[in-house]
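Everything numeric here is computed off the predicted structure, so don't read it as measured data. Note that the numbering runs from 1 along the sequence shown for the chain.
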Amino acid sequence: MGLPDSSQVLSTEMEVDAFRRIFPLRFFERHLSESLRPDARPLGKARDTIVNLGLVSTADGSALAKIGSTTMLAAIRMEVMTPSADSPDEGSIALEFHMPPICSPTVRPGRPADAAPVISKRLSDTILSSGMIDLKELCLVSGKAAWMGYLDIYCLDADGALFDAALLAAVAAFSNLQIPVVALNDNGRIVAITGGKDQDNASIIEKKAVNKEKRKLTLNNIPFSLTCILHKNYILADPTTEEETIMDTLVTVVLDSSDHMVSFYKSGGTVLASSSAIKSCVELARTRAKELKQILGEMDID
């Protein structure tokens, strides 16, 4: 039997691509019936994940997280502020999620992406409610000075599961954070020590130091998340943008490093989240959390 010529192969590929474009849901369901996806992943498997630390030299902490093609860059800048009267012994974290036009053809220049403020709010709620960061650790002088951490997360490529990649980038950036050296000057104000080698800086550090050297934050109850698609009787972990577009029932499970539930989101959709589906999503999230722990553990992140 002879091999098919190149024109037959090309014709077949064009027909498959045309069918995928015209009937995307039917195309996916043909694969789902065989417990596979078009990218050859099993239904419950997440995409390959990469994390790199310290890519932004001007930030106090930074990280890049990539899940499949979805790519997030997180950077943290620390500034001294006056703490609120309600929390005189605590610092603060301010988070903003950005979706520039470069990340997706659906994001138009001059118009903010609708998803950006939603993801910002969910990320902020998750980081604070998980207890990952003890805000008291950001206090410098009770009632007078504390750290404000400005966390900016930039979506460089939006190919599905944006919240998962953004949260991973945020966690990695906090693990990379080096809190700057500061001290009290003669006027009793907090000042940053930029050099640390000249005599004036050495004198301030020795006599009036608030912290004598850069230090890392202690991270507890680190949150990990997994987004799944519910479609008929199928559950797809870590969806791509194409999958999210044609199968719109999304749920996101957030677990901490002790496997305790932090939050559960269901972003609309026509499929009801039954108790069995929720249990399956949680089990998939546990497996995913173990994978992410291993990835972060290889970089000495507790």
So do Ile179 and Leu177 actually touch side chain to side chain, heavy atoms under 4.5 Å? yes
As a quick check of understanding, evaluate side-chain contact (heavy atoms from CB on, under 4.5 Å) for Val251 and Thr227, giving each step before the final call. CA-CA 6 Å; Val251 297; Thr227 297; over 6 Å; no
Close side-chain approach of Leu296 and Leu168, heavy atoms under 4.5 Å: yes
Is the shortest side-chain heavy-atom distance between Phe174 and Ile222 below 4.5 Å? no
Determine whether Leu43 and Phe28 fall in the same hydrophobic cluster, where Ile, Leu, Val, Met, Phe, Trp and Tyr are linked whenever their side-chain heavy atoms lie under 4.5 Å apart. yes
Ionic contact status for Glu137 with Arg215, cut-off 4.0 Å: yes
Might you point out which heavy atoms bring Ser129 and Val262 nearest each other, and give the distance in Å? OG-CG1, 3.8 Å
Salt-bridge test for Asp134 and Lys136: reply yes if a basic N is under 4.0 Å from a carboxylate O, no otherwise. no
Looking only at heavy atoms, what is the nearest atom pair of Ala161 and Thr70, with distance? O-CG2, 4.4 Å
Which pair of non-hydrogen atoms, one from Met99 and one from Leu162, has the smallest distance, and what is that distance? CE-CD1, 3.8 Å
Side chains of Leu250 and Pro239, heavy atoms from C-beta outward: is any pair under 4.5 Å? yes
All N/O donor-acceptor pairs, side-chain side in residues 102-111, below 3.5 Å, sequence neighbours left out:
unit_1, atom_1, unit_2, atom_2, d
Ser104, OG, Thr106, N, 3.2
Ser104, OG, Thr106, OG1, 2.8

Verdict with reasoning, His98 to Asp152, per side chain to side chain donor-acceptor pair (under 3.5 Å): CA-CA 7 Å; His98 309 267; Asp152 288 285; 2.8 Å; yes
Asp39 and Arg47: CA distance, side-chain angles, deciding distance, salt bridge (charged side-chain N to carboxylate O under 4.0 Å, His left out) verdict: CA-CA 10 Å; Asp39 60 7; Arg47 293 168 289 177; over 6 Å; no
Thr252 side chain reached by Arg122 side chain, heavy atoms, under 4.5 Å: yes
Do you know which two heavy atoms are closest between Pro117 and Ala113, and how far apart they sit? CD-O, 3.4 Å
Is the shortest heavy-atom distance from the side chain of Ser92 to the side chain of Leu138 under 4.5 Å? no
Donor-acceptor pair, Asn52 side chain versus Leu64 backbone, under 3.5 Å? no
Gap between atom CD of Glu243 and atom OG1 of Thr245 - 0.5 Å precision: 9.5 Å
Applying salt bridge (charged side-chain N to carboxylate O under 4.0 Å, His left out) as the test, list every pair that has at least one member in residues 221-233; sequence neighbours left out. Glu29-Lys232
Give me the other members of the hydrophobic cluster that Met148 sits in, counting Ile, Leu, Val, Met, Phe, Trp and Tyr linked by side-chain heavy atoms under 4.5 Å, directly or via other members. Met81, Tyr150
Between Thr71 and Ser69 (side chain of the first, backbone of the second, donor and acceptor by atom type, cut-off under 3.5 Å), is there such a pair? yes
Has the side chain of Ser225 got a donor or acceptor atom that lies under 3.5 Å from a matching backbone atom of Val253? no
Between Ser124 and Lys121 (side chain of the first, backbone of the second, donor and acceptor by atom type, cut-off under 3.5 Å), is there such a pair? no
Look at the side-chain heavy atoms of Ile, Leu, Val, Met, Phe, Trp and Tyr, link any pair under 4.5 Å apart, and say whether Met78 and Leu73 land in one connected group. no
Is there side-chain contact between Leu219 and Ile133, with heavy atoms separated by less than 4.5 Å? yes
Out of Arg41, Arg37, Lys45, which one pairs with Asp238 under the salt bridge (Lys or Arg N to Asp or Glu O under 4.0 Å) rule? Arg41
Would a 4.5 Å heavy-atom cut-off, applied to side chains only, mark Leu284 and Cys228 as touching? yes
State yes or no: do Tyr234 and Met247 share one hydrophobic cluster built from I, L, V, M, F, W and Y residues joined by side-chain heavy-atom distances below 4.5 Å, directly or via other members? yes
Cluster link Ile229 to Ile246, ILVMFWY, side chain under 4.5 Å: yes
Charged N-O contact under 4.0 Å between Asp164 and Arg288: no
List the atom of Ala170, the atom of Ala74, and the distance in Å for their closest heavy-atom pair. N-CB, 4.1 Å
Looking only at atom types and distance, does a side-chain atom of Ser263 sit under 3.5 Å from a main-chain N or O of Thr126, one as donor and one as acceptor? no
Same cluster (ILVMFWY, side-chain, under 4.5 Å), Ile76 and Leu135: yes
Rounding to 0.5 Å, atoms CD (Gln294) and CG (Leu292) come to a distance of 10.0 Å
Atom pair NZ (Lys290) and CD1 (Ile295), whose distance is rounded to the nearest 0.5 Å: 14.5 Å
Between Ser142 and Asp89, does a side chain to side chain donor-acceptor pair (under 3.5 Å) hold up when you go through it step by step? CA-CA 5 Å; Ser142 179; Asp89 298 322; 2.3 Å; yes
